[in-house]
Every structure is written in C-alpha cells, then in structure tokens.
There are 2 protein chains.
Amino acid sequence: MSVNETENSRWRRRKESRPGEIIEAALELFVANGFSATRLDEVAKLAGVSKGTVYLYFDSKEDLFRAVVQQIIIPEIEKAEQKAAQFQGSQRDLLMMLMMTWWNIIGKTRLAGIPKLMISEAANFPELAEFYLEKVVSRARNIIKKGIAVGIQTGEFKPSDPVITTRLLMAPMLFAVIWEKSLAPYDQEKYDLDDYLELHLSTFFEGISTNNV
Amino acid sequence: MSVNETENSRWRRRKESRPGEIIEAALELFVANGFSATRLDEVAKLAGVSKGTVYLYFDSKEDLFRAVVQQIIIPEIEKAEQKAAQFQGSQRDLLMMLMMTWWNIIGKTRLAGIPKLMISEAANFPELAEFYLEKVVSRARNIIKKGIAVGIQTGEFKPSDPVITTRLLMAPMLFAVIWEKSLAPYDQEKYDLDDYLELHLSTFFEGISTNNV
DNA sequence: TATTACTAACTGACTAGTCAGTTAGTAATA
DNA sequence: TATTACTAACTGACTAGTCAGTTAGTAATA
C-alpha cells in the first residue's frame with residue numbers, strides 16, 4: 001500500500017498532489033530501468049494509483065517522461081544559468097564550479113540515469129530526443145560554451161573551437177556516468193570515480209590554459 | 001528475394017554458408033537498431049531464410065549476438081594485439097596508432113553500433129554484458145593500459161594510475177561514437193569529428209607527457 | 001541410367017507472454 | 001444529487017521461440 005493512502009477507504013481524490021506523486025514514481029523507475037523497460041503499471045503502483053489515473057494526468061508515456069524532465073532537470077539548469085551569470089572569478093574557476101555542480105547534482109545522484117536513458121533510447125524515441133536536446137542539452141551546453149569563449153577572448157585559454165572544447169570537457173564525465181549505469185556493474189576492473197574526475201579536470205585545464213595567468 | 005536464391009525453387013540447402021549469412025544480416029540490423037529492437041524475423045528476411053532456420057544454427061537471439069561479436073570484433077582485437085606487440089617506437093606513437101586504428105575500423109564504420117548497443121542494452125541483458133566485457137573490453141583495455149604503463153616506466157609519461165589514464169584516453173572517443181548513434185541525428189549543433197579527435201589526442205598527450213623527450 | 005527410399009535443411013503457422021492505452025462503472029466529494 | 005477522480009478489467013498489437021510438415025538433395029537399388 002502506498003504511503004499516501006492512510007485512510008481505510010479504498011481511495012481518495014487528491015487531484016493536486018497526484019501528478020507530482022506520479023512524476024516522482026516515474027523518475028524513480030525511469031532512472032533505474034530506462035524508458036522502454038519501465039512499465040506504467042509499476043509507475044502507477046509506486047505512486048499508489050491505478051494505471052488509468054496515470055492516463056488521467058498524462059497523455060502518454062512519452063508525455064510523462066517530458067513532465068519528469070520539466071519538473072526535475074530544467075530547474076537545475078536554471079539554477080546553473082543564474083550561478084554562471086553571477087560568477088566572479090576566472091573562467092577556469094567558473095567551469096570547475098559548473099562541473100562540480102553537475103557532478104554533485106546529476107553525476108553522482110540517481111539523476112545520472114537521465115543522460116543514460118536518453119543515450120540509450122533516443123534512436124527509438126526521436127521526439128523525446130528532440131525535446132531533450134532543445135530543453136536540456138543545448139541550454140546546458142551554452143553555459144559552458146560561454147565560459148570557454150570568454151576564456152579564449154581574455155587570453156586565459158588557448159584559441160580553440162568552443163563547440164569542440166565544450167564537448168571535450170563534458171565527454172569524459174558523461175561517459176563515466178553512462179558506464180556506471182550500463183557495463184560497470186559487470187566490470188571486474190574497478191576504479192575511483194573521484195580520482196578519474198580530478199585527473200580529467202586537471203589535465204584538461206592544463207591542456208587548454210595559456211601560461212599568462 | 002534474397003541474392004542467394006537464384007533458382008526458381010523455393011529454397012536450396014546451403015549448410016556451410018547459412019550461419020555466415022545470418023551473422024552478416026544480424027550485424028547489419030543489430031548495429032542499426034540495437035539488440036531489443038532487432039526482430040529475428042527481419043534478420044531472417046535479410047539473410048534470405050525463415051526464422052526457423054535462424055534457430056537451426058543459433059540457440060537464441062543472445063547466442064546470435066555472441067556469434068556476431070566473435071566473428072566480427074574479436075579478430076580486430078587480435079590484430080591490434082599483434083600490431084602492439086610488434087610496434088617499434090615511442091609509447092605515444094603506439095597509442096596514437098592504436099587510437100587511429102580503432103577510429104578507422106570501429107569508430108567511423110557501422111561497427112560503432114556495437115559499443116553503442118552494449119551501453120544501451122547491458123542493463124537488460126546482463127549475460128551479454130559479461131560476455132562483452134570479458135571478450136572485448138578487457139582485452140582492448142589491456143593493450144592500451146600496457147602502452148601507458150610502459151610510457152610511465154620509461155619516463156615518457158608523467159606518473160599516473162594507468163587504469164584511469166586508459167579510461168580518459170578512450171572516453172571522449174567512445175562518447176563521440178555513442179553520441180553519433182543516439183542524439184546526434186537530432187542535434188542542431190554540428191561539429192567536425194576529425195577536429196574533435198585531433199584536439200582530444202593532442203591535448204591528452206600534451207597533458208600526460210613529460211618534457212624529456 | 002532411372003527410380004525410390006531416405007535424411008536433414010528449411011518453412012511458416014502457431015503459442016504464450018507482454019504491455020501501452022481504453023473504457024465502463026464506482027465511489028468520493030461539493 | 002450531480003459531478004468527477006479513480007479503479008479494474010479489458011483490448012489489440014507485438015514478438016521470441018516452437019514444431020509439424022515440406023522439399024532439396026543423395027544414396028541405394030532395380
């Protein structure tokens with residue numbers, strides 16, 4: 001029985017809180033099992049409702065996923081945009097701060113399941129891919145790209161293509177997260193993720209920085 | 001009608017060539033659509049046989065996938081092992097050669113679909129994950145790890161954990177390939193993969209190399 | 001050399017199971 | 001009492017794997 005059904009009556013009408021509870025249940029199962037493998041019956045059960053109720057609030061499974069991203073991921077992007085806009089300091093420090101924030105909020109939490117899910121299921125769900133790219137990826141990318149571009153302008157970083165440099169900064173972090181959610185559980189060879197992250201960031205910034213600090 | 005059925009009879013017995021033709025058809029569809037989304041009916045159709053014939057030569061869909069990896073990927077690993085063993089030159093040049101080989105044979109061919117598939121489907125097919133890690137990943141990793149370890153020993157590279165350094169060398173390449181096979185088709189922001197690769201390799205080796213060349 | 005008996009490669013229809021989405025009816029609430 | 005949030009049983013489309021039956025090819029025999 002769900003936590004929310006404390007009365008002994010069979011059910012209660014809770015129009016305001018149902019959508020949020022369904023989104024929370026969906027998030028939990030989507031990040032754990034992916035999009036396809038998540039059963040709407042299971043989402044409903046975890047949210048303490050029937051599958052019919054899910055369809056009362058969301059048009060489709062894809063619509064439910066979009067709502068999850070909207071509620072859970074987009075607010076984090078907005079926070080990051082604000083942090084970046086207000087930041088005082090070198091572009092290296094700004095980018096380090098953004099990477100650590102991403103790592104703490106997404107990389108090492110259950111939210112890491114979202115990038116993993118998108119990579120895995122994009123080919124089978126093109127509309128989700130487009131949605132995610134527009135609302136999440138391009139926005140996140142722009143924050144970083146700006147830091148790189150400003151750093152190049154001010155002479156803090158060597159000249160390079162900011163598009164490619166942004167991707168090279170993110171790639172090892174995204175790959176690590178995706179690996180953890182896919183093959184890592186079966187991998188005999190273990191390694192320390194924090195050491196990995198540290199070595200990546202230090203060599204990356206060493207590689208792109210000029211020496212006139 | 002399949003290329004192989006030139007007679008007007010309904011079918012011919014071709015015990016020797018069927019398995020290879022089924023493997024080729026399976027490879028084609030697995031790399032294009034992934035493991036789950038590939039229908040055995042489609043594989044059979046592409047190979048010019050019925051689904052029953054697929055089961056005559058392979059025990060299951062997973063068994064067919066293992067046969068694909070065995071036939072297509074393992075020989076490439078063996079070649080790389082030989083190339084590395086015979087190599088004369090700096091460890092940097094060895095690793096560059098291995099990375100370019102990987103890029104030319106896997107990264108920019110249809111075989112790029114295999115790492116993408118494994119990342120996407122590992123969670124749902126643990127036995128495939130274990131097989132792939134043991135037969136492919138760990139073997140490929142060892143070739144690179146050895147180059148890094150030797151380079152550290154000889155003073156060509158700075159001291160570091162070879163396990164982590166190996167992963168940092170591969171991660172941006174694997175991520176790029178996985179991105180191409182997932183979200184890239186829907187991504188507005190384009191970039192040049194060769195430029196990406198070049199910037200990665202040059203900054204990576206700059207980052208890990210000592211200056212006493 | 002022609003016929004026939006036999007083997008095994010191959011087919012295609014079928015089964016059992018899965019799951020997103022639908023809907024008729026019920027019970028909570030205003 | 002009227003409205004509507006919610007349930008639970010249902011549908012229909014999909015697919016891995018099975019298996020009874022068919023046919024190509026071959027070897028033995030007339």
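Lettering of chains follows the sequences in order, A, B, ..., and the numbering in each one begins at 1. Predicted, not measured: the structure shown is a model, and the values here were computed from it.
In this structure, B:Glu21 places its CD atom 14 Å from C1' of C:dC10, rounding to the nearest Å. The nearest whole Å value for the distance from the CG atom in A:Leu128 to the P atom in C:dA20 is 14 Å. Computed from coordinates, the B:Ile22 CD1 to C:dC10 P distance equals 8 Å when rounded to whole Å. What separates CG of A:Asp59 from P of C:dT22 is a distance of 9 Å, to the nearest Å. If you take CG of B:Leu56 and C1' of C:dA8, they are 9 Å apart, rounded to a whole angstrom.
Distances shorter than 4.0 Å separate none of the side-chain N or O atoms of A:Arg12 from OP1 or OP2 on D:dA5. Under 4.0 angstrom from either OP1 or OP2 of D:dC6 there lies at least one side-chain N or O belonging to A:Arg18. One finds a side-chain N or O of B:Ser50 lying less than 4.0 angstrom from the OP1 or OP2 phosphate oxygen of C:dT11.
With D:dA16, D:dT7, C:dA20 as the candidates, the nucleotide lying closest to the side chain of A:Tyr55 is C:dA20.
For DNA chain C, the residues of residues 60-73 of chain A within the heavy-atom distance limit of 4.0 Å (strictly under) are A:Ser60, A:Lys61, sorted by number. Residues from residues 26-40 of chain A placing a heavy atom under 4.0 Å of any atom in DNA chain C, listed by number, are A:Thr38, A:Arg39, A:Leu40.
When side chains are defined from C-beta on, B:Thr53 counts as touching B:Tyr57, because their heavy atoms get closer than 4.5 Å.
For A:Asn104 (side chain) and A:Met100 (main-chain N/O), a donor-acceptor pair under 3.5 Å exists by modelled atom type. No donor-acceptor pair under 3.5 Å is formed between the side chain of B:Ser182 and the backbone N or O of A:Ala122.
In DNA chain D, runs of at least 3 stacked Watson-Crick or G-U pairs (N1-N3 plus N6-O4 or O6-N4, or N1-O2 plus O6-N3, all under 3.5 Å) give these stems: C:1-30 with D:1-30.
Contacts of B:Phe204 classified as ring pair (Phe, Tyr, Trp, His ring centres under 6.0 Å), with partners at least two apart in sequence or in another chain: B:His200. Considering only residues two or more places apart in sequence or on other chains, A:Thr166 meets the side chain to side chain donor-acceptor pair (under 3.5 Å) condition with none of them. With sequence neighbours left out, B:Phe30 forms a ring pair (Phe, Tyr, Trp, His ring centres under 6.0 Å) with B:Phe35, B:Phe65. For A:Asn142, the side chain to side chain donor-acceptor pair (under 3.5 Å) test picks out A:Lys145, with sequence neighbours left out. B:Arg92 is linked by a salt bridge (Lys or Arg N to Asp or Glu O under 4.0 Å) to nothing, counting only residues two or more places apart in sequence or in another chain.
Within the structure, salt bridge (Lys or Arg N to Asp or Glu O under 4.0 Å) contacts touching residues 94-114 of chain A (residues at least two apart or in different chains) are A:Glu24-A:Arg110, A:Glu28-A:Arg110. For the side chain to side chain donor-acceptor pair (under 3.5 Å) condition, the pairs that include at least one residue of residues 111-139 of chain B, sequence neighbours left out, are B:Ser36-B:Glu121, B:Glu81-B:Arg139, B:Lys116-B:Ser120. Listed by first then second residue, pairs satisfying side chain to side chain donor-acceptor pair (under 3.5 Å) with a partner in residues 59-78 of chain A read A:Glu76-A:Lys79, not counting sequence neighbours.
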Between the protein and nucleotides 1-4 of chain D, list the N/O to N/O atom pairs that are separated by less than 3.5 angstrom.
residue, atom, partner, partner atom, Å
D:dT4, O4', A:Arg13, NH2, 3.1
D:dT4, O2, A:Arg13, NH2, 2.4

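Within 6.0 Å of the CD atom in B:Glu198, the count of heavy atoms belonging to other residues, nucleotides or ligands does not exceed 12.
If you check distances only, the side chain of A:Lys51 never reaches the base of D:dA8 with a donor-acceptor pair under 3.5 Å.
When heavy atoms are screened at a 4.0 angstrom cut-off, A:Tyr57 is found touching the sugar-phosphate backbone but no base atom.
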